[in-house]
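What follows is a single structure, written as structure tokens, with notes after it.
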Amino acid sequence: MSFEFIEVNPQVAPFVGLIRLNRPKELNALNLQLMGEVKQALAQLDEDEQVRAIVITGNERAFAAGADIKQMAGKTAIDMLKIDQFSTWDAIRKTKKPMIAAVSGFALGGGCELVMHCDMVVASETAQFGQPEINIGVMPGAGGTQRLTRAVGKVRAMEMVLTGKFITAQEAKEAGLINKIVPVELYLEEAIKMASTIAEKSPIAVQLAKESVLKAFDTHLQEGLYFERKNFYMLFATEDQKEGMNAFVEKRKADFKGR
Ligand code: HXC
């Protein structure tokens, strides 16, 4: 895999893939090419049987400072409609394997929205999250008004979206936007550790469990419960279910094969 604006390591740890956003001078501003590369890399890692969890990161100063404002500045509404960048975001959202964001520095606008496309978030103490689109005459467009509101509640989402104010890692943690804060030298290591923990489980169970949790955002409770139940039953068709339960009974560590 060869890309211009991202780096990909399909095996940063056993069964863990890594995508690093890599436009450091522009604080990893998400231009269309970069987002296309992220989509392509995720599709490849999603297909790769040697990958069971994916970490997405930037660098110490910025996860990503948002969509590329310079690329968007001269565009008309029709240009934006034709570019249809959100089909790329839709594809990213459909990644089946768990994605963990390892965030340091700025996660703003589309950067914060990309974090919210991930399933879990590890942040460094220096991380800042924000939806500052209002400062440049627009508003979030990649799910910020919806996912942020579900994650942190109405009044906090309103404050971030309407004032453009950034929140600290500590505030993000208290609000339920992120899982964990660690010192800056450890954020990537910690995210890889989290991914490695998931990578030890049955990948089929992980996939169906992720899908079931995400279903809670799309549907009402009763339908979500039926969906969960079907996935639960389906797992009894896997070798991994037999291996997991037999290993418990035999007091040994399970060796999941993804079958
Ligand atoms: C393009 C960007 C950028 C962005 C930073 N840069 N953010 N370029 N798009 N979103 C560039 C700067 O122009 C500058 O390049 C270099 O990165 C360093 O940034 P500085 O501003 O000099 O750094 P600093 O003073 O430390 O300020 C950091 C910052 C600020 C607070 C993060 O850069 C900032 O406010 N950025 C914009 C944040 C934002 O509004 N994001 C939302 C974008 S809209 P040069 O070459 O000039 O030195 C959006 C909509 C999403 O995300 C819709 C769905 C995809």
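Everything numeric in this text was worked out from a predicted model, so none of it was measured. Both ligands and their constituent atoms are indexed starting at 1 by order of listing. Throughout, numbering of the chain's residues begins at 1 and tracks the sequence.
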Sidechain-backbone polar pair: K210 side chain, K97 backbone, donor-acceptor under 3.5 Å: yes
Do the rings of W89 and F86 sit parallel, tilted or perpendicular, given the 30° and 60° boundaries? tilted
Is there a donor-acceptor pair under 3.5 Å between the side chain of D48 and the backbone N or O of P10? no
Taking 4.0 angstrom as the limit, do E159 and R156 come out as a salt bridge? no
Does the side chain of D90 reach to within under 4.5 Å of the side chain of R93, using non-hydrogen atoms? yes
Within the 4.0 Å heavy-atom cut-off around ligand 1, the contacting residues, ordered by chain and number, are K25, E26, L27, A29, R61, A65, G66, A67, D68, I69, K70, M72, Q85, F86, W89, F106, L108, G109, G110, E113, P132, E133, I136, A142
Within the distance-only criterion (no hydrogens, no angle test), does the side chain of Q11 pair as donor or acceptor with the backbone N or O of F15 below 3.5 angstrom? yes
